[in-house]
Amino acid sequence: MNKTTKWILLSGVLAVLAAAGATAYVRHAREANWHEEAVAALPARPANVVHPEFIRRVEAAEEQVRAADDWRNGLGRLASLYHANGDTQEAATLYGVLIRADAGNARWADRLASIYALYGQLDQAVLLWRRTAEIDPHYLSAQLNLADAMIKMNRPQEAAPIYEAVLKVDPQNPYAVVGLAKADIAAGRWLQAQSRLENAGLSTESKIGENILVTVYEHLGATDKAAAIRSRAKTTDSYIEIPDPWLDEVSDDCYDVFRLTLDSGAARRKADLPRALRLLEKAIRVKPNYSLAYFQMGLLQMDLHDREAARKNLRTSVELDPTFGDAWAKLIGLSGSSDEAELALAEGLRRCPDSPTLHSMNGNRLKATGRLDEALDEFKTVARLRPSEILGLIDCAQIYFQRGQNALAVETLQRALEIVPDDPLVLGTLAVYWIGVKNEPKAHEYILRCRTQVRLSKTQLLQLTDAYQSAFGRPAR
């Protein structure tokens, strides 16, 4: 090899080394700029959270950011702490730095999108959820949130393909099914929307999408079905947020006990009991005298079939807040004996004289022992304390029937139908009554109304129609 060749080869090597050095220099300079930006973005300490553990964790995260070693993780923890405790402006600033400096981590864009969406800035949220989906196409929560935001922005044609893409990966995803039903409604395809929503409701115990189904039934003229679902929605949670595990991670950094109990309840509704338990344990640790947290813990322990733990937490709840009627009611239900239950009920009513739940329980106790006059007074009290609900009226009507005051019972049930026009229990009771007294026109009217009820089983409806045919010698048509 001659000198010229050697010089050419050496020059090539030097050029490669120089290029590599230049690339390393640029990367180092960019990293230094990002770190400087992160340090400059550190916010002033918030005044709304004073829990010592929160302060210690903020200080540790700030030190990690300033030290430059693994500063991205420190900044991420700091952003989550601010986000979880309601300091959303500070969190948004930090997420903005992370989105640029940790561009391959999709959770930062997802979390910032949730903040924009919280304040109604859906245009910005959509851009960030698009970015999230591009970075991590397998994270379906971002796609569902993106499509849901588009529906809210009246852009259903753009939302529908996203929902369809989710269903290709997860064919039973109820949120995607409900989203497509919303797109159907926007396009005027009401019958298709009805089919989708009914299927989605059946697959999730009639919760997800049933609020939209009410609108569909009303539009299609099925007002009886709409009323039945609306009355059920008074006692069930008809809306469950789209699951977002990356956002759920944030709540683990919360020190607001009210928010912790709310997030725990949401986790419980989604059947994520371990997370619900973890959040409640933290709420109790942060504020040991918070009655609501012990109440929620009691409910959770009931779900976990730990009766003794449930009783212990409910007892603590009423000790901390003796006027908490719902906690008394649950505690009474877990009593070990009838004597214990009676003592707890008496104490609960003394502490909570305006608790309709406790008056209802006492009414049932009195009724079981034949003390109908006293039971009736209790059920009338329930109806007075809860004028928008019908349970007290139904209980009153049952006593009237038992005492042979049929006209008064029917009048009371009619009052219940004025509040909830198509309650299946009330309709079924009136149908049975009119069949029993051989009033065919009235019996026929209520049989037809019962047929429209989605909450009456086929067996129950068959029993009513059989009774009708037996009484009048012909089927109800």
Side-chain angles (χ1 to χ4, degrees), residues 205 232 234-237 257 260-262 264-265 267-269 271 273-274 276-281 283-285 287-386 389-399 402 425:
E205 299 181 355
R232 178 174 66 227
K234 291 181 180 180
T235 55
T236 61
D237 190 342
V257 291
L260 283 167
T261 55
L262 287 181
S264 175
R268 183 169 163 249
R269 288 191 297 274
L273 300 188
L277 180 62
R278 185 174 69 250
L279 293 175
L280 282 178
E281 288 174 340
I284 290 170
R285 177 170 58 82
K287 190 174 181 181
N289 62 345
Y290 189 49
S291 174
L292 181 60
Y294 288 97
F295 172 70
Q296 295 284 359
M297 182 65 83
L299 300 183
L300 180 58
Q301 294 295 349
M302 290 169 66
D303 290 345
L304 295 170
H305 309 292
D306 191 337
R307 189 181 181 90
E308 286 307 310
R311 289 179 63 188
K312 179 181 178 182
N313 281 284
L314 291 169
R315 172 56 68 179
T316 302
S317 179
V318 297
E319 287 172 354
L320 291 169
D321 182 3
T323 65
F324 196 170
D326 288 345
W328 279 109
K330 293 295 183 183
L331 180 61
I332 293 162
L334 292 175
S335 297
S337 67
S338 57
D339 289 342
E340 182 184 344
E342 283 197 29
L343 288 172
L345 179 55
E347 185 181 358
L349 281 169
R350 182 172 61 83
R351 301 279 195 170
C352 315
D354 292 329
S355 168
T357 302
L358 296 181
H359 283 288
S360 180
M361 294 178 76
N362 198 37
N364 286 320
R365 180 186 68 84
L366 293 166
K367 181 181 175 182
T369 59
R371 297 158 64 181
L372 298 185
D373 290 343
E374 294 172 82
L376 183 61
D377 287 340
E378 288 287 58
F379 293 139
K380 286 180 178 178
T381 299
V382 174
R384 176 178 57 80
L385 292 172
R386 284 184 175 163
E389 299 182 15
I390 63 174
L391 182 59
L393 293 174
I394 292 173
D395 287 329
C396 286
Q398 288 175 345
I399 289 184
Q402 194 170 344
L425 176 59

Please report the closest heavy-atom contact between A341 and I332, naming both atoms and the distance.
-> O-CG2, 4.0 Å
Please check if the side chain of Q296 supplies one atom and the backbone of L292 the other of a donor-acceptor pair under 3.5 Å.
-> no
Give a yes or no answer on whether the side chain of T369 reaches the backbone of L366 with a donor-acceptor pair at less than 3.5 Å.
-> yes
Distance-minimising heavy-atom pair for V382 and G392 | CG1-CA, 3.9 Å
Main-chain N/O of P288 paired with Y294 side-chain donor or acceptor, under 3.5 Å | yes
Identify the heavy atoms of S360 and D395 that sit nearest to each other, and give their distance.
-> OG-OD2, 4.2 Å
Shortest non-hydrogen pair, R311 vs L331, comes out as O-CD1, 3.8 Å
Measure the shortest side-chain to side-chain distance between F379 and N364 over non-hydrogen atoms and say whether it is less than 4.5 angstrom.
-> yes
Exam field: side chain S317 to backbone S291, donor-acceptor pair closer than 3.5 Å | yes
Take S337 and D339, measure what side chain to side chain donor-acceptor pair (under 3.5 Å) needs, and give me the verdict at the end.
-> CA-CA 5 Å; S337 67; D339 289 342; 5.3 Å; no
Check whether any side-chain N or O of W328 sits under 3.5 Å from a backbone N or O of E347 as a donor-acceptor pair, and report yes or no.
-> no
Short N-O contact, E281 and R278, less than 4.0 angstrom | no
Indicate yes or no for a side-chain donor-acceptor contact from H359 to the backbone of P353 under 3.5 Å, with no hydrogens or angles considered.
-> yes
Ignoring hydrogens and geometry, is there a side-chain-to-backbone donor-acceptor pair from N313 to A309 under 3.5 Å?
-> yes
State, to 0.1 Å, how close A283 and T261 come at their nearest heavy-atom pair, and which atoms those are.
-> CB-CG2, 4.4 Å
Check step by step if side chain to side chain contact (heavy atoms under 4.5 Å, CB included) holds for T316 and L320.
-> CA-CA 6 Å; T316 302; L320 291 169; 4.0 Å; yes
State, yes or no, whether a side-chain contact exists between C396 and L376 at a heavy-atom distance under 4.5 Å.
-> yes
So among E340, R307, Q301, which one has a side chain to side chain contact (heavy atoms under 4.5 Å, CB included) with L334?
-> R307
Separation of L425 CG from I390 CD1 (nearest 0.5 Å) = 7.0 Å
Straight-line distance of L279 CG to I284 CD1, nearest 0.5 Å = 11.5 Å
I would like to know whether M297 and L299 meet side chain to side chain contact (heavy atoms under 4.5 Å, CB included); could you show each step before the answer?
-> CA-CA 5 Å; M297 182 65 83; L299 300 183; over 6 Å; no
When you check the side-chain N and O atoms of R386 and T357, is any donor under 3.5 Å from an acceptor?
-> yes
Crowded around K367 NZ? As in, over 12 foreign heavy atoms under 6.0 Å?
-> yes
Can you check side chain to side chain contact (heavy atoms under 4.5 Å, CB included) on L260 and L280, steps first, answer last?
-> CA-CA 7 Å; L260 283 167; L280 282 178; over 6 Å; no
Below 4.0 angstrom, N of the basic side chain to O of the carboxylate: do E378 and R371 qualify?
-> no
